[in-house]
Trainee: 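Please read through the structure below; I'll follow up with questions.
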There are 2 protein chains.
Amino acid sequence: MILEKKKAFNDFALSKGLRSTRQRDVILDVFLSTHQHISVEELYLKIKSSNTGIGHATVYRTLKLFAESGLAREILLHDGQTRYEHVIAGEHHDHLVCTKCNSIVEFEDETIEKLQKEIAARHGFLIKSHKMEIYGYCAVCKQL
Amino acid sequence: MILEKKKAFNDFALSKGLRSTRQRDVILDVFLSTHQHISVEELYLKIKSSNTGIGHATVYRTLKLFAESGLAREILLHDGQTRYEHVIAGEHHDHLVCTKCNSIVEFEDETIEKLQKEIAARHGFLIKSHKMEIYGYCAVCKQL
DNA sequence: CTGTAAACTGAAATTGAATATCAAGAGCAT
DNA sequence: ATGCTCTTGATATTCAATTTCAGTTTACAG
């Protein structure tokens, strides 16, 4: 699974004439080892802590590449930090975002997906992707 | 309709102990006169062009107030500019966004709303708002 | 193996949106 | 009007993200 993703990114790199570098390997490894929704800063700190001496700009640049390659997806919350999540082929999940603690719970709902298709069909619309985010307070924060 | 919105904002202001000022009136007028998804900068320029001498900071502050009052909603696209859209009372619409011509069709679906509530309940989550965007090609563009 | 052209990196500078500061000004109750 | 508090706006500041650019590394042809 991780190997597949590495291969997928290598293929992308090849097709774009990009070169294979130590930095990209490290960043890809760290990204793949993380869980959902990591911010660039978090990833940068994770990498920094392993003393690989990779710069800020490179992390930003490389994550943009991951997004472009289809490996990752940019997500924008309302805290001014861009986050990246893993794109899992053939799977789509949506988000419950807590606006107090910024935690994110993922969910998937077949029926909603089906309704989306119906709505799109009704408008002659061809779906490429979609995004659904529910904002509010998570189970913990709503009690505070 | 516009008058109702003004009244709604005044009520909100009153309940929060906010004062009625020339600047807020102007910004509200301009905001209400715009169509969907205006960025703060665009709104600021619109206001500036009418020589009312309202500052940058005030526009930002006031739009945040509008959002807080329920009059407007913050939306984040991927261009680093925060935009605001109109919130229409008792209506929630989602978006079909055409990635070719950038047209936006709005829709509403009761069943999806209901499913969202169920999912939230299942996670002990308290919904404050939500956002759903379906990306793809509109009826016109998909034929090109 | 080289040599070389092009891509890559990273420290530092820069950009740009958004917010904070704070003195001057304005709304509002009495 | 008086006084209290909210509001404003020029400016400074913050902070994520991008650009710059000189030095480095990669890929590849010869």
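A quick note: this is a predicted structure, and the numbers were derived from the prediction, not measured. Here is how names work: the chains are called A, B, and so on, in the same order as the sequence lines, proteins then strands, and each is numbered from 1.
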Trainee: CD of E41(A) versus C1' of dT14(D): gap in Å, rounded?
Mentor: 14 Å

Trainee: For Y84(B) and dA18(C), give me the distance from atom OH to atom P, rounded to whole Å.
Mentor: 8 Å

Trainee: Using whole Å, report how far CD1 of I47(A) lies from P of dT9(C).
Mentor: 12 Å

Trainee: To the nearest Å, give me how far apart CD1 (I54(B)) and C1' (dG25(C)) are.
Mentor: 15 Å

Trainee: Can you name the closest pair of heavy atoms from K6(A) and L32(A) and give their distance?
Mentor: CG-CD1, 4.1 Å

Trainee: Check whether any side-chain heavy atom of L65(A) lies under 4.5 Å from a side-chain heavy atom of K16(A), and answer yes or no.
Mentor: no

Trainee: Would you say that L43(B) contacts V30(B) through its side chain, given a criterion of any heavy-atom pair below 4.5 Å between the two side chains?
Mentor: yes

Trainee: Do side-chain atoms of K5(B) reach the backbone of V87(B) as a donor and acceptor pair under 3.5 angstrom?
Mentor: yes

Trainee: Got a donor-acceptor contact below 3.5 angstrom from the H86(A) side chain to the F31(A) backbone?
Mentor: yes

Trainee: Any side-chain heavy-atom pair from D94(A) and E113(A) closer than 4.5 angstrom?
Mentor: yes

Trainee: Between I119(B) and L115(A), is there shared hydrophobic-cluster membership here, with clusters defined by ILVMFWY side-chain heavy atoms closer than 4.5 Å?
Mentor: yes

Trainee: How close or far is atom P of dA12(D) from atom NE2 of H56(B), stated in whole angstroms?
Mentor: 16 Å

Trainee: Without decimals, in angstroms, what is the distance between H78(B) NE2 and dG16(C) P?
Mentor: 20 Å

Trainee: Rounded to whole angstroms, how far apart are CG on D79(A) and P on dT19(C)?
Mentor: 12 Å

Trainee: Taking all heavy atoms of S20(B) and all of D25(B), pick out the closest pair and write down the distance.
Mentor: OG-OD2, 4.4 Å

Trainee: May I ask you to check whether E85(B) and H37(B) show a side-chain donor-acceptor distance below 3.5 Å?
Mentor: yes

Trainee: Quick check on contacts: within residues 58-66 of chain B, what sits under 4.0 Å from DNA chain D by heavy-atom distance?
Mentor: T58(B), R61(B)

Trainee: Between Q81(A) (CD) and dA17(C) (C1'), how many Å, whole number?
Mentor: 15 Å

Trainee: Short of 4.0 Å, heavy atom to strand atom, which residues of residues 7-31 of chain A count as contacting DNA chain C?
Mentor: L18(A), R19(A), T21(A), Q23(A), R24(A)

